[in-house]
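Comments concern the structure below.
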Amino acid sequence: MRTAPDDAVVGAVFAALADPTRRRIVGALAEGRPVTASSLAAELPVTRQAVAKHLAALRDAGLACAESVGRETRYRLTPAPFAEAMAWMAGTGAGWDERLARLERRLAAG
């Protein structure tokens, strides 16, 4: 039996993804290779310090994790919180689909 999505996790995911720069960082992390804040900053129109703050927000939301390799900190995407958010969206969408189907049946009958 599937449990309901964790509301705190879902809220953290949506809050983190509300920022367009963080969404771009998530896109870069989704390519699969661990990246550094410096390499991300080279691809974005923001400073390395700004990227580091965005990465911290993504880490706080559980969407990214960091690993120290020598003197570098490399970041990678952690997809589990996305699954929680997707489950919430699917459940909410299914509820609306059901309501709309009932309305359509009522309008057709009446």
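Throughout, numbering of the chain's residues begins at 1 and tracks the sequence.
Here the side chains of T73 and L55 are not in contact, with every heavy-atom distance at 4.5 Å or above. At least one side-chain heavy atom of I25 sits under 4.5 Å from a side-chain heavy atom of L58.
Contact detail for T78 and A64: the closest heavy-atom pair is OG1-N, 3.2 Å. When all heavy atoms of A61 and A12 are compared, the closest pair comes out as CB-O, 3.6 Å. Across all non-hydrogen atoms, the minimal contact from V51 to A37 is CG1-O, 3.7 Å.
Remark: R71 pairs with no residue by the side chain to side chain contact (heavy atoms under 4.5 Å, CB included) rule, at least two apart or across chains. Take A50 and apply the side chain to side chain contact (heavy atoms under 4.5 Å, CB included) test, not counting sequence neighbours, and it matches V46, T47. T21 is linked by a side-chain hydrogen bond (donor to acceptor under 3.5 Å, both in side chains) to nothing, counting only residues two or more places apart in sequence or in another chain. In this structure, the side-chain hydrogen bond (donor to acceptor under 3.5 Å, both in side chains) partners of R48, at least two apart in sequence or on a different chain, are S38. Among residues two or more places apart in sequence or in another chain, the side chain to side chain contact (heavy atoms under 4.5 Å, CB included) test is passed with M89 by F14, M86. Annotation: side chain to side chain contact (heavy atoms under 4.5 Å, CB included) contacts of R102 (sequence neighbours excluded): E98, R99, R105. Qualifying side-chain hydrogen bond (donor to acceptor under 3.5 Å, both in side chains) partners for E72, counting only residues two or more places apart in sequence or in other chains: R74. Residues satisfying the side-chain hydrogen bond (donor to acceptor under 3.5 Å, both in side chains) test with R22, not counting sequence neighbours, are H54.
Counting only residues at least two apart or in different chains, side chain to side chain donor-acceptor pair (under 3.5 Å) contacts with residues 56-67 are absent. Residues in residues 26-47 take part in these salt bridge (Lys or Arg N to Asp or Glu O under 4.0 Å) pairs, two or more places apart or across chains: E31-R33, R33-E43.
With R76 contributing its side chain and P34 its backbone, the two residues share no donor-acceptor pair below 3.5 Å.
Hydrophobic clustering places L44 together with L29 (ILVMFWY residues linked when any side-chain heavy atoms are closer than 4.5 Å, directly or through intermediates). Both L77 and Y75 belong to a single network of hydrophobic side chains, linked directly or stepwise wherever heavy atoms of I, L, V, M, F, W or Y lie under 4.5 Å apart. Tracing side-chain contacts under 4.5 Å through hydrophobic residues (I, L, V, M, F, W, Y), one reaches V26 starting from V35; they form part of the same cluster.
Chaining together hydrophobic side chains whose heavy atoms lie under 4.5 Å apart places L103 alongside L107. Other residues sharing a hydrophobic cluster with V69 under the 4.5 Å side-chain heavy-atom criterion for ILVMFWY residues do not exist; the residue is a singleton.
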